[in-house]
Amino acid sequence: MSAQQVTYTFESRKEADTDRLGQLLSGYLQPGTVITLDGDLGAGKTRFSQGFARAIGIAEHVNSPTFTIIKEYEGDHLPFYHMDMYRISQEEADELGLEDYFYGTGVSLIEWSSLIADLLPPDRLAITISLMEDQSRVFHLTPYGLPYEIWCLQMKENGHLQ
Ligand SMILES: Nc1ncnc2c1ncn2[C@@H]1O[C@H](COP(=O)(O)OP(=O)(O)O)[C@@H](O)[C@H]1O
Ligand SMILES: [Mg+2]
């Protein structure tokens with residue numbers, strides 16, 4: 001029997017709100033943390049990644065790794081692997097050696113993770129971003145696995161998630 005999935009929400013009315021979510025999450029990271037980012041083009045996946053990278057001490061500008069698929073950065077405490085699966089084929093995805101990233105020493109953030117759904121680890125924080133008519137963004141956070149469930153429960157208790 002599979003556990004029932006709970007989804008939490010975070011509303012972002014402006015880019016600073018998106019940065020604040022990245023800051024909140026940066027407090028929980030461990031080696032092997034995996035966060036997936038899905039949502040339409042322009043929803044704000046890369047913009048979230050930029051705030052998140054800043055929050056973990058990366059001074060370099062982080063842009064969309066659509067053509068490189070994976071870019072690696074050194075954060076203050078952990079390596080950061082920024083991935084974009086938008087243009088990947090199944091064969092290419094199989095050859096990336098994703099387990100080395102997912103179960104390695106760093107934090108993986110994967111844009112368009114739905115395109116490699118079969119290759120994702122069972123434990124992860126899934127974020128889907130919806131762009132609303134008023135240009136605000138709603139981040140839907142679904143934790144898979146106990147560590148991520150605890151992150152979300154704590155953020156909710158602290159009034160950051162709904
Ligand atoms: N609250 C917000 N959060 C994130 N991005 C926002 C927000 N409001 C406006 N934007 C803008 O929306 C665009 C999102 O683009 P991007 O992050 O590249 O999308 P994606 O990677 O999902 O295709 C950026 O130009 C960003 O400046
Ligand atoms: Mg992008």
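Side chains included, hydrogens not; waters and symmetry mates left out as well; all remaining heavy atoms used. Remember, it's 1-based here, ligands and their atoms both numbered in the order they're listed.
- For Lys45 (side chain) and Gly39 (main-chain N/O), a donor-acceptor pair under 3.5 Å exists by modelled atom type.
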| message | Test side-chain contact (heavy atoms from CB on, under 4.5 Å) on Thr142 and Thr128; report intermediate values, then the result. | response | CA-CA 8 Å; Thr142 307; Thr128 302; over 6 Å; no
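- Considering backbone and side-chain N/O of Phe48, none are found under 3.5 Å from N/O of ligand 1.
- For CG of Asp40, the number of neighbouring non-hydrogen atoms (other residues, nucleotides, ligands) closer than 6.0 Å is 12 at most.
- When only non-hydrogen protein atoms are considered, atom 23 (O) of ligand 1 lies nearest to Gly42 N, 2.8 Å.
- Electrostatic pairing of Asp134 and Arg13 counts as a salt bridge here, judged by a charged N lying under 4.0 Å from a carboxylate O.
- In summary, the atoms of ligand 1 found under 4.0 Å from a heavy atom of Ala43, numbered by their order in the structure, are 19 (O), 22 (O).
- Counting heavy atoms of neighbouring residues, nucleotides and ligands inside a 6.0 Å radius, atom OH of Tyr73 exceeds 12 of them.
- Of the possible polar contacts, none joining the Arg87 side chain to the Phe67 backbone as a donor-acceptor pair under 3.5 Å is found.
- Checking atom 25 (O) of ligand 1 against the protein gives no heavy-atom contact under 4.0 Å.
- Between Gln135 and ligand 1, no N or O atom pair is found at a separation short of 3.5 Å.
- Ring pair Tyr81/Tyr101 is perpendicular by interplanar angle, where above 60° counts as perpendicular and below 30° as parallel.
- Taking the six-membered ring where tryptophan is involved, the planes of Phe52 and Phe80 are tilted, since the angle between them lies from 30° to 60°.
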Residue pair Leu120, Ser113: steps toward the side-chain contact (heavy atoms from CB on, under 4.5 Å) verdict: CA-CA 8 Å; Leu120 295 174; Ser113 79; 3.9 Å; yes
- [ ] Test Met85 against Leu98 for side-chain contact (heavy atoms from CB on, under 4.5 Å), laying out the working first.
- [x] CA-CA 12 Å; Met85 300 300 166; Leu98 288 172; 4.1 Å; yes
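- For atom 5 (N) of ligand 1, the choice among Arg47, Gln50, Arg13 with the nearest heavy atom turns out to be Arg47.
- Counting protein heavy atoms under 4.0 angstrom from atom 14 (C) of ligand 1 gives one or more.
- When the options Lys45, Lys14, Arg137 are ranked by their closest heavy atom to atom 20 (P) of ligand 1, first place goes to Lys45.
- When each of Tyr8, Tyr28, Tyr144 is tested with Trp151 by the rule ring-ring contact (aromatic ring centres under 6.0 Å, His included), just one qualifies, namely Tyr28.
- Listed by atom number, the atoms of ligand 1 under 4.0 Å from Glu111 heavy atoms are 21 (O).
- Residue contacts with ligand 1 do not include Gly39, since none of its heavy atoms lies under 4.0 Å from the ligand.
- Distances from ligand 1 to the non-hydrogen atoms of Leu41 include at least one value under 4.0 Å.
- Applying the 4.0 Å criterion to heavy atoms of Ser12 picks out, from ligand 1, the atoms 1 (N), 2 (C), 3 (N).
- Heavy-atom proximity to Thr18, at under 4.0 Å, picks out these atoms of ligand 1: 1 (N), 2 (C), 3 (N), 4 (C).
- Around the Mg ion (ligand 2), protein N, O or S atoms at less than 2.8 Å comprise Thr46 OG1, Glu111 OE1.
- Taking the side chain as every heavy atom from C-beta outward, Lys71 and Asp84 never approach each other to under 4.5 Å.
- When each of Arg54, Arg47, Arg20 is paired with Glu15, the salt bridge (charged side-chain N to carboxylate O under 4.0 Å, His left out) condition holds for Arg47 and for no other.
- Scanning all protein heavy atoms for the shortest distance to atom 27 (O) of ligand 1 gives Glu15 OE2, 2.5 Å.
- With a heavy-atom cut-off of 4.0 Å, Thr46 touches ligand 1 through backbone and side chain alike.
- Side-chain contact, His82 with Glu111: a donor N or O sits under 3.5 Å from an acceptor N or O.
- Taking a 4.0 Å cut-off on heavy atoms, Asp40 registers as neighbouring ligand 1.
- Among all non-hydrogen protein atoms, the one lying nearest atom 16 (P) of ligand 1 is Gly44 CA, 3.9 Å.
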